[in-house]
There are 2 protein chains.
Amino acid sequence: MNKPLLYPIRAVSKQTGISIETLRAWERRYQVVTPQRNERGRLFTEADVQRLRLLRQVVEQGHAIGQLAALTNEELRSLSVQPDEFADSYPAIRQLEPSTPEPGTEARSNWNAIDLARMMTSIERLDYAEVERELSLLAAVLSPRELVHRVALPLLQQVGEAWHAGKLSIGQERMTSSLLRNLLGAIVPLHRRTSPPARLMFATPTREQHEFGILLSAMLTAGGGLGIVYLGTNLPGEEIVKAAHQAAPQAVVVGLVGANGARVNQ
Amino acid sequence: MNKPLLYPIRAVSKQTGISIETLRAWERRYQVVTPQRNERGRLFTEADVQRLRLLRQVVEQGHAIGQLAALTNEELRSLSVQPDEFADSYPAIRQLEPSTPEPGTEARSNWNAIDLARMMTSIERLDYAEVERELSLLAAVLSPRELVHRVALPLLQQVGEAWHAGKLSIGQERMTSSLLRNLLGAIVPLHRRTSPPARLMFATPTREQHEFGILLSAMLTAGGGLGIVYLGTNLPGEEIVKAAHQAAPQAVVVGLVGANGARVNQ
DNA sequence: AATAAGGTGTCCAGCTTTTGTCAATGAATC
DNA sequence: GATTCATTGACAAAAGCTGGACACCTTATT
């Protein structure tokens, strides 16, 4: 039989990525865990460590530790968003489409249909190189605008649907996301002007992890000959304002996803 | 018959990485091991050395030597890295050893220093276009390997430090991250081969959101002429395994971040 | 739009215990 | 004589604890 494994605070901090100060504060204020003590200090059990890891994950996604402390591990797990990236990023992406009357299914030209179908089979095979090849081919041929509306958005939609239908695994979905992200990120700097007539700044506020919205917007903006200042996701509101003051863009684009409890503040 | 190999303290120190002083202190204070003696001094057995190695490993993970001394090797082993859920649940996945030999120590003296300093001031000004310009210039000039070791990593480090010191705002830090990510993501596909001799798969496990580690690794891999299958961050372990079975890469790279800042596991 | 009120991570002061390293000294070996 | 190892005592750094304070964000209120 084996003794229960016990970890001192330093080891727990290293394993969970939570600072020692924070570990103590969480315990002091919320009794998030109640480790045993010996004369030397705290001793965390394996279960404590696991719970703390879970807590960190959920906190990183924007929840408040004070609200989490009372929850069971089960409830915490149900809060963690990991498999849901597409579930909520997709509707936001659709809103982004400027002139889409309908996702009119048959309205899509067969040009795209063929390409996408082939690409979907490559995705199913996890054939990274092939998908990459096809995507970069399309990127070379199409304008940024076309790329967004005829490739990126439809592909995201199809992958999202296929994933929901259980026809694609998370790995396949993620591979596609990564590829698209790399592609879009790569295209942005290609349309650089020396002195753009105007500049836009892109960011998403705290808790908003979904990047595709602002990334696509940034790409369209750059493709349209405007300058960009791309900050990325999950910035405190104050910081966005501060950065806006410093960079002085003509406009600030803030990405939001409606579905997931995110609330619009300004 | 062969006598059991016995090592003098110096040899043990070298093998275990524990200083001679510390070895003696551990023995004196905690009887962590009790080596034999001859008129010349201590003689450690192979078993002693192994136990000492184990001890060092566990101490490095944050445990106190005083608490460890009484444990059996068995117990020590169960404390060591293995709670990392991956090591035992999914033997298919192994963390790869860092293969970084050494960054050319003297070659980078003035070259990089100047570039980074200038880039830092551009970052402070939130001058997206300028940073982008400088980065893509460097990307065009340097090899992927140099780009990683002489630009990306140093820049990430400097920005991280400056941010911690309060000299950079979150916005500035995020802008730099986004730029770097776009750049690196863009470079990956440039080094594509039609039929790479081997393929590696990249992903981070569920709680790990930090992408730079695997992204840099993927870039180096692609730059080295190997094929990649890039899945991205935050994948459940089974999914990684499933994807690995399907894509059948020669190796799987799993990114992990330790407590103190970004570490590249490649 | 400005202000007030929490929530939360980090730091500090003050104290104790643990732990790595060093200095001094002596013995044995080459 | 130089090197290696041993022992012992001493010391400083590291690591632990508590409670309070502070700075910063977010949210609610005016």
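So that the names make sense, note that chain A is the first sequence line, chain B the second, and so on, each numbered from 1. None of these values were measured; they are calculated from a predicted model.
Within 4.0 Å of B/R42, counting heavy atoms only, lie sugar-phosphate atoms of the nucleic acid but no base atom. Residue B/R28 is in base contact, counting any heavy-atom pair closer than 4.0 Å across all strands shown. Among the protein residues, A/E239 comes within range of the sugar-phosphate backbone only, with heavy atoms under 4.0 Å from sugar or phosphate atoms but none that close to a base. Looking at heavy-atom distances under 4.0 Å, B/A25 makes contact with a base.
Look at NE2 on B/H63: it is 14 Å from P on D/dA15, rounded to the nearest Å. Separating the CD atom of B/E60 from the P atom of C/dG20 is a distance of 12 Å, rounded to the nearest angstrom. If you take CG of B/L52 and P of C/dG20, they are 12 Å apart, rounded to a whole angstrom. Atom CG of A/L55 and atom C1' of C/dG9 are 15 Å apart (whole Å). D/dG16 atom P lies 16 Å from atom OH of A/Y7, rounded to whole Å. Counting to the nearest Å, the P atom of C/dT8 and the CG atom of A/L23 are 15 Å from each other.
Within the 4.0 Å cut-off from OP1 or OP2 of C/dT21, at least one side-chain nitrogen or oxygen of B/S19 is found. Proximity of B/Y30 to the phosphate of C/dT19: a side-chain N or O atom is located under 4.0 Å from OP1 or OP2. Checking the phosphate oxygens (OP1, OP2) of D/dG16, a side-chain nitrogen or oxygen of A/R10 falls inside 4.0 Å. The phosphate of C/dT21 has OP1 or OP2 within less than 4.0 Å of a side-chain N or O from B/T22. In terms of phosphate contacts, A/T206 brings a side-chain nitrogen or oxygen within less than 4.0 Å of OP1 or OP2 of D/dT26.
In this structure, B/R29 and A/R29 both approach DNA chain D, and ranking their closest nucleotides by distance from the 5' end singles out B/R29. In this structure, B/I20 and A/R37 both approach DNA chain D, and ranking their closest nucleotides by distance from the 5' end singles out B/I20. Of the residues near DNA chain C, B/G66 and B/E39, the one whose nearest nucleotide (by heavy atom distance) lies more toward the 5' end is B/G66.
Listed nucleotides D/dT26, D/dC5, C/dC12 differ in distance to B/I9; the shortest reach to its side chain belongs to D/dC5. Proximity note for A/I65 (side chain, C-beta onward) versus C/dT8, C/dG20, C/dT21: the nearest is C/dT8.
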Given B/E60 and B/R56, is the salt bridge (charged side-chain N to carboxylate O under 4.0 Å, His left out) satisfied, shown in steps? CA-CA 6 Å; B/E60 257 175 15; B/R56 192 192 78 131; 3.5 Å; yes
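Side-chain atoms of A/E46 and A/Y7 include a donor-acceptor pair closer than 3.5 Å. No side-chain donor-acceptor contact under 3.5 Å links B/E132 and A/Y230. At a cut-off of 3.5 Å, with distance as the only test, a side-chain donor of A/T72 or A/E75 sits close to an acceptor on the other residue.
Of the candidates B/E134, B/E124, B/E130, B/R118 forms a salt bridge (Lys or Arg N to Asp or Glu O under 4.0 Å) with just one, namely B/E134.
Donor-acceptor pairing under 3.5 Å, judged by distance alone, is absent between the side chain of A/R24 and the base of C/dG9.
Salt bridge B/R24/B/E27: absent, no basic N to carboxylate O contact under 4.0 Å.
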